[in-house]
Amino acid sequence: MISKLKTECGSQFTNKLEGMFKDIELSKEINESFKQSSQARTKLPSGIEMSVHVLTTGYWPTYPPMEVRLPHELNVYQDIFKEFYLSKYSGRRLMWQNSLGHCVLKAEFPKGRKELAVSLFQTVVLMLFNDTQRLSLQDIKDATGIEDKELRRTLQSLACGKVRVLQKQPKGRDVEDEDQFVFNDDFSAPLFRIKVNAIQMKETVEENASTTERVFQDRQYQIDAAIVRIMKTRKVLSHTLLITELFQQLKFPIKPADLKKRIESLIDREYLERDKSNPQIYNYLA
């Protein structure tokens, strides 16, 4: 599929996608190599399995770095992996994206053992309750170092969502400054492995505008590909018929003015040309 896209739309269109697939395959090899390394065999803490995806900046979406104080065991694992990776690839820099991490925790409840599929932030919060039964919002903030808005969202998912492994006192849907959190001894569920979904963050007007702009930027490649595909088949086509076919092929709403801009861009890049006798007709340039 990627080679078909590359042939149809050019290497620039598929460059990031190819990079993503390479990263995933290389990450599998790195993890296998790490498990066989002397660092892993002699230094890793027992009882933890960890897999690391090493992603190349530039191929993947960018995420703001989010700080968190990891449990000692995870810090040790990170340090050992970093030592191994930098010994294999000198001159590179690893930056951990804590907001993208996810874990499976083994949890012992009075009503039975469960496995909880949770985010890294949810993991850090839940592991605090290994040593205590009750914590305030401020206690959790001081212990984890998670940014206030992200911490409140994390606690909402654990104490106010469908899967309530913690109890919030007093009860309520929002997390307030004076709230206390208690390990839920009464928790039960029919499934052994349970996914604890994160609470989705509400998007601001500025974030919505930024997202819309990024989506349009990504869709430009799809529009360009559709124009080239149609013109490659038809060779010669009027502006009106080209716009009509694009509306039929594209699966998302688009303004005619935006389509016109993409056509002009392809003319500038010499994929198309205007007919010398009629500027409303386009010719495909092989």
Side-chain angles (χ1 to χ4, degrees), residues 1-37 39-40 49-68 70 74 77-104 117 119-121 150 198 200-201 203 207-232 246 249-252 254 258 261-263 265-266 268-271:
M1 179 57 76
I2 293 178
S3 27
K4 284 182 181 178
L5 283 169
K6 197 171 187 176
T7 305
E8 193 73 32
C9 313
S11 58
Q12 186 183 357
F13 181 76
T14 58
N15 180 47
K16 288 188 178 181
L17 193 58
E18 286 180 291
M20 288 178 175
F21 278 106
K22 282 178 186 173
D23 278 352
I24 296 300
E25 288 305 312
L26 188 58
S27 289
K28 290 177 184 175
E29 293 175 18
I30 291 169
N31 278 293
E32 282 303 314
S33 180
F34 176 60
K35 287 174 185 174
Q36 303 301 321
S37 69
Q39 291 101 318
E49 291 180 19
M50 189 161 120
S51 178
V52 180
H53 290 290
V54 183
L55 310 180
T56 307
T57 305
Y59 292 147
W60 299 82
T62 54
Y63 298 90
M66 301 187 80
E67 294 301 318
V68 60
L70 294 176
L74 291 182
Y77 207 118
Q78 275 192 352
D79 291 342
I80 295 168
F81 180 85
K82 185 176 180 180
E83 177 191 326
F84 161 79
Y85 183 81
L86 295 181
S87 68
K88 194 175 175 71
Y89 301 97
S90 61
R92 295 191 183 180
R93 186 168 69 94
L94 279 181
M95 186 170 70
W96 297 95
Q97 290 288 355
N98 296 314
S99 61
L100 303 181
H102 53 90
C103 309
V104 175
S119 71
L120 180 60
F121 291 149
E150 185 63 36
Q200 293 301 311
M201 200 181 293
E203 205 172 37
E207 287 171 336
N208 183 272
S210 173
T211 302
T212 303
E213 177 60 27
R214 283 202 309 273
V215 168
F216 177 69
Q217 293 294 332
D218 290 341
R219 284 176 173 173
Q220 285 184 353
Y221 296 116
Q222 290 177 259
I223 298 166
D224 288 358
I227 294 169
V228 171
R229 190 165 53 245
I230 293 166
M231 291 302 301
K232 193 173 183 179
L246 285 169
Q249 287 199 20
L250 296 171
K251 305 297 183 187
F252 48 84
I254 189 74
D258 291 329
K261 285 179 186 174
R262 300 318 306 157
I263 293 169
S265 171
L266 288 168
D268 291 341
R269 288 181 279 157
E270 298 183 349
Y271 283 89

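Residue numbers count from 1 along this sequence.
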Please report the closest heavy-atom contact between I24 and H53, naming both atoms and the distance. CD1-ND1, 4.4 Å

How long is the gap from CD1 on I80 to CD on Q78, to the nearest 0.5 Å? 11.0 Å

Closest approach of R262 to I223 (non-hydrogen atoms, all atoms of both residues): CG-CG2, 3.6 Å

How about S27 and V52: do any of their side-chain heavy atoms sit closer than 4.5 Å? no

Test of understanding: with side-chain hydrogen bond (donor to acceptor under 3.5 Å, both in side chains), list the residues that count as partners of T56, not counting sequence neighbours. D23

Donor-acceptor pairs under 3.5 Å, side chain of residues 94-102 to any protein atom, not counting sequence neighbours: which ones?
from : atom 1 : to  : atom 2 : distance (Å)
N98  : ND2    : M66 : O      : 2.9

Set of residues satisfying side-chain hydrogen bond (donor to acceptor under 3.5 Å, both in side chains) with respect to Q39, sequence neighbours excluded: none

Would you mind listing every salt bridge (charged side-chain N to carboxylate O under 4.0 Å, His left out) that reaches into residues 84-96, with sequence neighbours excluded? none

Partners of D79 by side-chain hydrogen bond (donor to acceptor under 3.5 Å, both in side chains), sequence neighbours excluded? none

Sorted by chain and residue number, the salt bridge (charged side-chain N to carboxylate O under 4.0 Å, His left out) partners of K28 (sequence neighbours excluded) come out as E25

I'd like to know if the side chain of S37 and the backbone of F34 have a donor-acceptor N/O pair within less than 3.5 Å. yes

For I30 and F84, the nearest pair of non-hydrogen atoms, with its separation, is O-CE2, 3.9 Å

Any ion pair linking R269 and D224 (charged N to carboxylate O, less than 4.0 Å)? yes

Search all heavy atoms of I227 against all heavy atoms of L266 and return the closest pair with its distance. CG2-CD1, 3.4 Å

Non-neighbouring partners of F121 that pass ring-ring contact (aromatic ring centres under 6.0 Å, His included), sequence neighbours left out: none

Can you name the residues that form a side-chain contact (heavy atoms from CB on, under 4.5 Å) with P61, not counting sequence neighbours? M20, Y63

Rounded to the nearest 0.5 Å, what's the gap from CD on E32 to OG on S51? Could you check? 9.0 Å

Using every non-hydrogen atom in the two residues, find where L250 and Q222 come nearest and quote the distance to one decimal. CD2-O, 4.2 Å

Centres of the Y77 and F81 rings: under 6.0 Å? no

Taking only residues two or more places apart in sequence or in another chain, which ones pass side-chain contact (heavy atoms from CB on, under 4.5 Å) with L86? K82

By ring-ring contact (aromatic ring centres under 6.0 Å, His included), which residues pair with Y59, not counting sequence neighbours? none

List the residues meeting side-chain hydrogen bond (donor to acceptor under 3.5 Å, both in side chains) with Q249, not counting sequence neighbours, and say none if there are none. R229

Do V54 and L26 come within less than 4.5 Å of each other through their side chains, counting heavy atoms only? no

Dump the intermediate steps for side-chain contact (heavy atoms from CB on, under 4.5 Å) on L246 and I254, then the final yes or no. CA-CA 10 Å; L246 285 169; I254 189 74; over 6 Å; no

